[in-house]
Amino acid sequence: MPKTSSRWLGLLFQVGAVLLALLFTSIILLLVGAKPFQAYERIIYGAFSDMGHISDVLVVWVPLVLVSAGLLITYSTGLWNIGIEGQIALGAIFTVWAMRLLQDSSIPPVLIILVGFLAGMLGGALWAALAGALRVFGGVNEIFGGLGLNFVSTALTIWLIFGPWKRPGVGSMSGTVPFDTSLWLPMVGGSRLSLWSLGLGILGIVVVYFILQGTYFGLRLKAVGKNPRAAFLMGIPTSSYMMLAFILCGVFAGLAGAVQVTGVYHRLIPSISSGYGFLGMLVAMLVNYQAIGAPFVAFLFAALNIGSIQLPIDLKLDSTLSGVLQGALVLFVLLMDGVRRRVLHKK
Amino acid sequence: MKVELQQIDKHFGSVHANDHITMTIPAGTIQGILGENGAGKSTLMKILSGFIQADSGVIKLDGKKVVIHTPDQAIHHGIGMLHQDPLDFPPMRVVDNLVVGSPGGLVPNKKEAIAALKKLQERFGFQIDPDAYVETLTVGERQQLEILRLLWLGARVLILDEPTTGISASQRLKLFDTLRKLAADGMTVIFVSHKLEEVEVLCHRIAVFQRGRMVGEAKPPYVTTKLVEMMFGKAITLDERAPCATCDPVLKVEHLEVEDTRLHICDINLEVCRGEVIGLAGMEGSGQRMFLRTLAGLTRPVGGKVIVHDKTLTGKTYASFRKAGVTYVPASRLEEGLISGLSLTEHFILAREQKGFIINRDAAVKETEENIDQFFIRGKPETHVEALSGGNQQRALLALQRQDVDVLLIEHPTRGLDIESSIWIWSKLKARCQLGATIVFISSDLEELLHYSDRILVFFGGKVSEPLDAGTTTVDQLGQLIGGLGMKS
Amino acid sequence: MDNNILVGLAGVLAAAAPVVFAAIGETFTERAGIINLSVNGTILLSAMAGFATSLVTNNLILGFLVGAIIGALVALLVAFSSITLKQSQVAVGFVLTLMTRDLAYFLGNSFMGQAGPRIPPLNIPLLQDIPILGTLFFKQDIIVYTSFILIVVSQWWIFSTRQGLLLQGIGERPAAAFVRGANVNKLRYLYTMLGGALVGLAGPMFSLSVKAGWKGTISGLDGIGWIALAITIFGGWNPVRVALGAYLFALLQWLGLVLQPSLPNIPSQVLQVAPFPLMILTLLLVNIGNAEWVERWLAGMPAPLRRVVAKVLRAMRTSPPASLGVPFENE
């Protein structure tokens, strides 16, 4: 079969997958007695109706694209870094920690924020290195090691909020005391969007694209991911490369956590990762682990997240519909890809 | 049982694996099927045993046409196949292996199975403990177990695919005795092999396969040269032995002691010179692989020393060994040698010295093209390695080895290749020896060991022989040593 | 023994019952060579659906039936995409675990916090009067008794029946099972769905008994499924050991609650995660013998010590079915 027509066929199957995902979600909506088109219209309205909403989408996009960028590195190395949620949280914790230590000093705020970011990267990297070490040196599958560490990080966050970092008086689920506004990332107009974090997101995905596409380092990561034994015999120190992949991914997760703290919440809250870690894994799967599509899919997912907030307001529906639609998209793309390969194989 | 195959035809993609094959095997016969790797022997046997289906053709048993879709149906018709690597369940007990897949109620009657096993064992003089775990048995014992299982299930046609790879000389004699007994009882035995001497000794008649066709049949007395001609289409002569060893020691092993969960080998001493080729012989699992991996730093010895270029590297990692000029070329090309999903170009980028941080694709493609020409690799720079044929993969693997590496440790350099590819591979390896490289390799092919090595170490039962001079050793002598006869204890 | 402690321990057996179901279900699936990673979401969805069904129909049995069907259907998706469509089992399972979780929260929105039916306790006459054992084992509800039966039956099935031996075979070496007449992929479908149904039963067990009701994200069920997956490994794919793992986990959670009052400075959420680091630690213990550096480190030891340490490591180690996650294709 000529290459172009198989490409068209692939596109056809992908469009089919999207339609199936919409169909599935529509059936779910009908189950709870809602009108599917009305729901979709509300989601689109909620995401794009005005600049405020669009900037909210971008606020979600930044950590999501950072996390996806990091995950592309671990996926390329054949690793399922499910511990990403905890790595975001630890990034946030370290950022808050550093900024709490410095906030009363005479150091200029810009510098404090910068140190906060560095600390966040360190926190994410350390937590990722822990999952990596368990996998590489302890033989503990990274899925279970990572999950366990996720739960531990949640407990750590809550302990900090109710314990050592609790608000004056009594601790509350609303988090720690917010930082002074001088320690917030500068925001555009009246929105919550910071151009600094937006630039960081773009830079992050570009760097990862470049690493994986054109460097020796990226190619070696891929070699380790596809066949670690052969890569080792070819002279690639596989253990170090796996650890490096974890640590790099952790750096990106930590950055996402730092953005959440400095740009969005300005404090530590219990679910600081907002589930962006797992969502980033879906993004990476949907783009078939290729960096080029990640920013666009991340934007779509961010729009769904923000748009679906409109559902409880207007239609008394739960906003988790976005998760159902995101999951259905990935699931049907995977399924249709399998069907496509079967069809091609038969021919 | 009389077996008739008529016009059996089978394609795998563009490969014509069986080209309208017709043959008749009378009951009570030991039929030899002789041919090189890839001649279509195994395909035909898999068709007969229901593992795969023919595109067209007829199978008749005792004159009656049968249709066989699965191995299970084959057994019902009385056809049992013993696969090259016995298809059993290593972590399970012998008796459980026996009852899996046997007909009967929900809860198997293990006592009955054990009793039947004992009775069969007595008949053939086997001694397998029904309660042992299969992973603790030798390959020979696992074969015996499979034969017994097939007989227990009522097989009257027994197919054996290359059964003598990896079993000891005494076990081989026992196997041959068993097969003769079975034939005398009226069973049909089909013995598939590429080893001339075995087929000649054992079989009542021989069919020779070449490139998917049956090219001839023979009855005793056999004329070896004629069989060889049928197998290869022409008489093959190997090049002259060409030793190029110097007396400049590169690799030294002193009182080396290696061990794994099953095996413990003490006091291996060896000195290998520049340009020398050392062959490691032995049944599979006799410790030669562990020894070779120790020479590469992949396994750490529990005692003794490994010295490369006067540097003691004992206990160092594979990376240090590589730095000292040692490389390891594994046998399983797609499992350990090459990386599925990466192109030839990407392999060459990985295998060569890193220049800067960013890959220069154009230069890499150019180098890959040069290697493709030089090593006759049928593929393009962008071809993924898994799309190459076995011979091309092996040539690619060889091309990837860097020139500055001067100790090549190779597992089965020509396994699964046809004879011409093998000769070509060795010509390249010998060329590297001329340039001063040293080679240590494992092989189960006695001819290969004798022809290309300067000296041979034989591994048996936790012991290693003194280095033998390959030039003065015969196939028989080597075979006996591998089988444990005449090994100094 | 103090009666409070006895009742507490009996509560541990009850709390572990759904985990026993889920982990043994996964054991069947993985024994057949398939990893179903969707357990966590499946439990949530079937818990919600089982509760909703029982609430609407006022029929407990229907609730369990719906739970089992959901579990089997999700498993069917995993089986279809991995066996027939050759997609990554881990990827599909992971997507499904997230999607079914969100489905549970979305669809369960209107049932949140409602009071619904729950399984009544069922004391067994005579046996309940045995000192200690009576309180522990025979003053439970039907779910707990069923979990005991499941442990025994699955152990017997896997290790003593012809079908069970074949099940071991298809996960260990499918080609060998194939030549013995097994329809490997059909059996893999069957066992994946059976395992999924058992996982699906765990949901209503929570929502109709152990943690009765549906409370959405604060049901406290999110995470249980991942624990069940880890327990399957910890138990070495052996139902009795898997069940022991489930009891150990429930015991730790109970201890966390019991110790809470004496540690007022620590929020309850912190003590509840205590089993997770322990899970990591046990996985580390059963896996570390496989690590390459351990082998090197061992080789450097003096001989007697080396043998002892190697033996200990081997005894701790559990190894998965050899073909776990590997698709089978008959050429």
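Labels below follow one simple rule: chain letters A, B, ... track the order of the sequence lines, proteins then strands, and each chain is numbered from 1.
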Problem set entry | Qualifying side chain to side chain donor-acceptor pair (under 3.5 Å) pairs, either residue in residues 87-101 of chain B, two or more places apart | B:D88-B:R142, B:D88-C:R173, B:R93-B:Y133, B:D96-B:K110
Problem set entry | Atom pair CD (C:E172) and CE (B:M92), whose distance is rounded to the nearest 0.5 Å | 8.0 Å
Exercise. Taking all atoms of both residues into account, what is the closest heavy-atom pair of C:S160 and B:P108, and its distance?
Worked result: O-CD, 3.2 Å
Exercise. For atom CD of B:E112, is the number of surrounding heavy atoms from other residues, nucleotides or ligands below 6.0 Å larger than 12?
Worked result: no
Exercise. Quick one: does B:T317's side chain get under 4.5 Å of C:W293's, heavy atoms only?
Worked result: no
Exercise. Counting heavy atoms not belonging to C:I142, are there more than 12 under 6.0 Å from its CD1?
Worked result: no
Seminar exercise, completed: C:A176 and B:F89 have their tightest heavy-atom pair at CB-CE2, 3.6 Å
Problem set entry | Region of B:Q73 that comes under 4.5 Å of a non-hydrogen atom in chain C | neither
Exercise. If you draw a 6.0 Å radius around CG in C:L127, do more than 12 non-hydrogen atoms from other residues or ligands fall strictly inside?
Worked result: yes
Problem set entry | Check: C:R162 and B:S102 side chains under 4.5 Å, non-hydrogen atoms | yes
For this session: Flag the one option from B:G303, B:P301, B:P90, B:G105 with the top tally of heavy-atom pairs under 4.5 Å to chain C.
Result: B:G105
Problem set entry | Inter- and intrachain pairs under salt bridge (charged side-chain N to carboxylate O under 4.0 Å, His left out), touching residues 293-305 of chain C, at least two apart | C:E292-C:R296
Problem set entry | Polar side-chain atom of B:R300 near backbone of C:W297 as donor-acceptor pair, under 3.5 Å | no
Exercise. Where along residues 303-310 of chain C does a heavy atom come under 4.5 Å of chain B, listed by residue number?
Worked result: C:R306, C:R307
Problem set entry | Proximity of residues 180-200 of chain C to chain B, residues having a non-hydrogen atom under 4.5 angstrom | C:R180, C:G181
For this session: Report yes if some heavy atom in the side chain of C:W156 is under 4.5 Å from a heavy atom in the side chain of B:V107; otherwise report no.
Result: yes
